[in-house]
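Notes follow the structure.
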Number of protein chains: 2
Amino acid sequence: MIFLATMPEGEECIGLKEIAVAINSPEAFTAKILQTLVREHLLESIKGPNGGFRISESGKKVSLHRVVEVVDGDSIFTGCALGLQECSEKRPCAVHHKFKAIRDHLTGMMMTTTLEDMAKGIRQGVSYLKY
Amino acid sequence: MIFLATMPEGEECIGLKEIAVAINSPEAFTAKILQTLVREHLLESIKGPNGGFRISESGKKVSLHRVVEVVDGDSIFTGCALGLQECSEKRPCAVHHKFKAIRDHLTGMMMTTTLEDMAKGIRQGVSYLKY
DNA sequence: TTAATAAAAGACAAAAATATCCTTTTATAT
DNA sequence: ATATAAAAGGATATTTTTGTCTTTTATTAA
Ligand code: FES
Ligand code: FES
């Protein structure tokens, strides 16, 4: 998503192969995740020759939080640090209060960080997509 | 570890069965983790009738950070949020700076939270070991 | 000394996450 | 129209994590 967000406005779409290379991720595995993102309308895909993927109108504006939610679910934002079946104020685990602060810190960061924010750093060469 | 830390000073040791029930974790699986903690000297074990586990002298003082490090390794404290092979200032990912703050928040919390802190809450009935 | 008890260790099994392969569908260009 | 390119979908495979089972070793108590 970050890579696709770095593409200039109105750019042609980018093929799976090129994406996989750019982010150093296995092609077939990357394809599965891209499919998920298309199903959830964060990406659009074009089949056939010169086909590929590009970020959708709605995808452009989404937060990192939304991308994570679509790909991995929201357990990272709601789960108990110590693995209790449910994180709850009523029946907190031994680190609930301390952990909640950190989890909220993470959630807040991810909700306020947009793909555009991240793409900007990549475009400017101050951050990277692969090691 | 938290459960064993709630045991009164100079208490007899606690059997695997009792531990597994107390924390609602499968017995055999719990046993494997206890073995790891014994190998790393955070726990002591006593074999034979009336045997079991108890927290060691060194174990009493350890932080949550140390327990996690022993059981799961330190990737949670050092790994890249976006899965780059290495988290680095020289070649940061798109959320490195924002994520580092959160990771440091987590690391700090875990380094300063001791088993005794967590055990106190359990003993006082304000926090719980299972749902 | 022996029987019973409990942890240690190692082999094995199941489930989940990660990853690949193959066939089908759709679009493009000739 | 047809050959080709590219994503979609489904089946399969691998790896890691989680979990079990069985045998061995150590300890205690009768
Ligand atoms: S109950 Fe464990 S983090 Fe909330
Ligand atoms: S490089 Fe990604 S968190 Fe540091």
Side-chain angles (χ1 to χ4, degrees), chain A residues 1 3-4 7 11-56 59 67-76 79-85 130-131, chain B residues 1 3-4 7 11-56 59 67-76 79-85 130-131:
Chain A
M1 288 295 287
F3 172 62
L4 287 169
M7 291 299 139
E11 171 72 11
E12 295 307 302
C13 59
I14 312 294
L16 168 59
K17 210 160 298 182
E18 199 178 335
I19 295 171
V21 168
I23 66 176
N24 191 32
S25 173
E27 208 176 300
F29 182 58
T30 305
K32 290 302 184 193
I33 298 169
L34 290 172
Q35 280 172 34
T36 302
L37 293 164
V38 170
R39 266 195 305 275
E40 295 292 326
H41 309 106
L42 304 193
L43 292 181
E44 286 166 1
S45 67
I46 295 94
K47 289 187 179 185
N50 311 315
F53 300 85
R54 72 174 163 226
I55 215 154
S56 69
V67 177
V68 169
E69 186 181 47
V70 163
V71 175
D72 292 327
D74 66 358
S75 64
I76 196 175
C80 169
L82 299 190
L84 301 194
Q85 288 90 330
K130 57 182 173 186
Y131 186 71
Chain B
M1 288 294 289
F3 172 61
L4 287 169
M7 291 299 139
E11 172 72 10
E12 295 307 301
C13 58
I14 313 294
L16 168 60
K17 210 160 298 183
E18 199 178 334
I19 296 170
V21 168
I23 66 176
N24 190 32
S25 172
E27 207 176 301
F29 183 59
T30 305
K32 289 301 184 193
I33 297 169
L34 290 172
Q35 280 171 34
T36 303
L37 293 164
V38 170
R39 265 195 306 276
E40 294 292 326
H41 309 105
L42 303 193
L43 292 180
E44 285 166 1
S45 67
I46 295 94
K47 288 187 179 185
N50 312 314
F53 299 85
R54 72 173 163 229
I55 214 154
S56 68
V67 177
V68 169
E69 185 180 47
V70 163
V71 175
D72 291 327
D74 67 357
S75 63
I76 197 175
C80 169
L82 299 190
L84 301 194
Q85 288 90 332
K130 58 181 173 187
Y131 186 71

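All values below were derived from every heavy atom in this structure, side-chain atoms included, with hydrogens, water molecules and symmetry-related copies excluded. In this text, all values refer to a predicted model and were calculated from it rather than measured experimentally. Letters go in sequence order (proteins before strands), and every chain restarts at 1.
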Quiz item: Quick one, which residues of residues 24-37 of chain B touch DNA chain D with a heavy atom under 4.0 Å?
Solution: B:Pro26, B:Ala28, B:Phe29, B:Lys32

In whole angstrom, what separates [X]'s [atom1] from [N]'s [atom2]?
X	N	atom1	atom2	answer
B:Ile14	C:dA6	CD1	C1'	14 Å
A:Ile23	C:dA19	CD1	P	11 Å
B:Leu16	D:dT20	CG	P	12 Å
B:Glu12	D:dT27	CD	C1'	14 Å
A:Leu43	D:dA7	CG	P	12 Å
A:Lys47	D:dT4	NZ	C1'	15 Å

Quiz prompt | Smallest separation among heavy atoms of A:Leu37 and A:Val71, with atom names | solution = CD2-CG2, 3.9 Å

Quiz prompt | Shortest non-hydrogen contact between B:Ala22 and B:Lys130, atoms and distance | solution = O-CD, 3.6 Å

Side-chain N,O ([X]) to OP1/OP2 ([N]) below 4.0 Å:
X	N	value
B:Arg39	C:dA8	no
A:Asn50	C:dA29	yes
A:Ser45	D:dA8	yes

Quiz prompt | Closest nucleotide among D:dT27, D:dA5, D:dA7 to the B:Pro49 side chain | solution = D:dT27

Practice problem: Please name the residue in the list B:Thr36, B:Leu4, B:Ile33 that meets the side-chain contact (heavy atoms from CB on, under 4.5 Å) test with B:Leu43. | Solution: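 Result for side-chain contact (heavy atoms from CB on, under 4.5 Å) with B:Leu43: B:Leu4.
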
Quiz prompt | Earlier contact from the 5' end, DNA chain C, for B:Gly48 and A:Ile46 | solution = B:Gly48

Self-check item: Contact nearer the 5' end of DNA chain D, comparing A:Gly15 with B:Asp72
Solution: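 Taking each residue's closest nucleotide, the earlier one in sequence belongs to A:Gly15.
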
Exercise. Taking the side chain as every heavy atom from C-beta outward, state whether A:Val70 and A:Arg39 have any pair of such atoms under 4.5 Å apart.
Key: no

Quiz item: If you draw a 6.0 Å radius around CD in B:Glu11, do more than 12 non-hydrogen atoms from other residues or ligands fall strictly inside?
Solution: yes

Quiz item: Does CD in B:Glu27 sit with more than 12 non-hydrogen atoms of other residues, nucleotides or ligands closer than 6.0 Å?
Solution: yes

Quiz item: Can you check whether A:Gly52's main-chain N or O pairs, donor with acceptor, with A:Ser45's side chain at less than 3.5 Å?
Solution: no

